[in-house]
Amino acid sequence: MQLPILRRMGATTSAVRSRVTASPNYRDGKFRAHEPAHVVATPEAEGPGSLLGTMWRERGRGRPAGRVPLVRPQHPAQPAELAVTWYGHATSVVEVDGARFLLDPVFGRRASPSGIVGPQRLHPVPGTIAELPPLDAVVISHDHYDHLDEPSIVTLERTHRPHYVVPLGVDEHLRAWGVPAGRITSLDWRESTVVAGITLTCTEARHFSGRGFVRDQTLWAAWSLRGPRHAVFFGGDSGPTHSYADIGTDLGPFDLTIIPVGAYSVHWPDIHLDPEQAISAHLDVNRGGTEAVMLPIHWATFNLAHHWWSEPIRWARRVAADKGVRLVAPLVGARVDLSGGDVDAVVAQHQDPWWEPAAGPEDHD
């Protein structure tokens, strides 16, 4: 009988390698992006600016001081033309042109292979997997524990048995957890598939992958979801990259972007965007246009860095206002319905600074 921690880690390295080595992006034993991503910046390795020093000085900043307000998700029976419901961190339900997709489902208590140690959720999940409406597909960006959660996949298999669209190699994790190969589509960068009339394109990101001691055996990605009338960009995880401009040229512009704004640090500048970089990414994938709406994600739910808990949304809102970007800041669990004609009115409905009562005394503008 397999230990729970080993099961949660997913497929073995050898199983994944047998699946991915034919990819042109897999070279010299691992996946390689056009822009390398250093997990920890070498100039900060020693001295007063060290990672350990930062962890000690800024410990506790990433947690809310009070209760995080939630709303229970309300999904219509039929998917809308364009809507998104944020469940916290990267987990979201997207509706586009009558199809419905679940992004990076993490409903577990910890982003970890262990049930007792590792980053713990800072607020409850606003709704359960069993309460999710029918899904056309589950879309996964990469295999890190805060984006791919084995207990959540097991529950999805019990309640929904959905189709999965994943980067190359992540399919082996799903198969190890009992998902039949016939319900998994795995793609390399720049490859596409069509689900329910929506073209899903796997795009390059600047990040890394791994659930154990060996990195970069599975691919990491951002995603374009384009229907006949609307398009959505899901950023997954990434640091700043020229790929955003390429995505904008090839696949943009978009009506909605879902882009991470949290867990940034000077100690790992290549793998996560800070809020200002996230706004730039939004503009890049939209070819500089400001018509699209941006949903900031990857903050509020797990403490994965050293900044203040609400700093990402506060910073993102300031930059968005300066750049003329339509940014929404919904409560966790809230649905943003952009299907109607008055987008500005919808954006205005999701501007309440709900995080302020939960933030600590120093965690304010």
Side-chain angles (χ1 to χ4, degrees), residues 1-40 42 90 103-106 108 110-119 138-157 163-191 193 202-223 236-239 263 268 270-272 302 304:
M1 185 175 180
Q2 192 178 34
L3 293 173
I5 193 169
L6 295 178
R7 178 176 171 80
R8 290 184 181 185
M9 290 175 70
T12 64
T13 301
S14 60
V16 173
R17 280 178 178 164
S18 67
R19 175 76 179 89
V20 303
T21 52
S23 168
N25 297 302
Y26 190 90
R27 301 185 300 275
D28 301 323
K30 64 180 182 178
F31 279 104
R32 297 178 185 273
H34 289 90
E35 295 166 279
H38 299 96
V39 177
V40 178
T42 53
L103 311 180
D104 283 1
V106 176
R110 293 186 184 274
S112 168
S114 168
I116 57 175
V117 296
V138 173
V139 180
I140 294 170
S141 63
H142 63 299
D143 71 359
H144 284 157
Y145 290 98
D146 58 322
H147 294 258
L148 178 61
D149 177 51
E150 181 262 348
S152 297
I153 299 298
V154 170
T155 304
L156 279 166
E157 283 299 289
H163 192 84
Y164 299 84
V165 182
V166 303
L168 195 61
V170 175
D171 50 323
E172 289 299 318
H173 293 314
L174 299 181
R175 290 177 62 185
W177 298 330
V179 181
R183 282 198 281 109
I184 309 171
T185 299
S186 60
L187 301 177
D188 208 336
W189 289 327
R190 294 171 290 280
E191 291 183 340
T193 190
C202 182
T203 72
E204 189 167 339
R206 191 181 187 190
H207 199 57
F208 68 109
S209 65
R211 297 175 71 82
F213 301 107
V214 183
R215 290 182 177 142
D216 301 341
Q217 298 304 300
T218 62
L219 195 66
W220 54 94
W223 290 93
D237 264 358
S238 179
W268 49 82
D270 297 341
I271 63 171
H272 286 160
F302 294 108
L304 303 176

Give a yes or no on whether the backbone of [Y] and the side-chain of [X] come within a donor-acceptor separation of less than 3.5 Å.
X      : Y      : answer
Glu172 : Val170 : no
Ser209 : Thr218 : yes
Asp270 : Gly239 : no
Glu157 : Ser152 : no
Glu191 : Asp188 : yes
Arg32  : Arg27  : yes

Take a 6.0 Å sphere around CZ of Arg183 and say whether it holds more than 12 heavy atoms from other residues, nucleotides or ligands.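 Enclosed: over 12 neighbouring heavy atoms sit under 6.0 Å from CZ of Arg183.
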Is the number of heavy atoms from other residues, nucleotides or ligands under 6.0 Å of Arg7 CZ greater than 12?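 It does: Arg7 CZ has more than 12 such atoms within range.
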Give me the ring orientation class for His142 and His144: parallel if the planes are under 30° apart, tilted from 30 to 60°, perpendicular past 60°.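 Aromatic pair His142/His144 classed perpendicular.
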What distance do [X] atom [atom1] and [Y] atom [atom2] have between them, rounded to the nearest 0.5 Å?
X      : Y      : atom1 : atom2 : answer
Asp216 : Phe31  : CG    : CZ    : 9.0 Å
Trp223 : Leu103 : CH2   : CG    : 10.5 Å
Leu219 : Ser141 : CG    : OG    : 10.5 Å
Trp220 : Cys202 : CH2   : SG    : 11.0 Å
His272 : His207 : NE2   : NE2   : 4.5 Å
Asp171 : Asp143 : CG    : CG    : 11.0 Å

Just by distance, with hydrogens left out, do [X] and [Y] show a side-chain donor and acceptor under 3.5 Å apart?
X      : Y      : result
Arg19  : Ser186 : yes
His163 : Thr185 : yes
Thr12  : Ser14  : yes

Tell me whether the NZ or CZ atom of Arg8 lies within the 45° cone about the ring axis of Tyr145 and under 6.0 Å from its centre.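 No, Arg8 and Tyr145 do not form such a contact.
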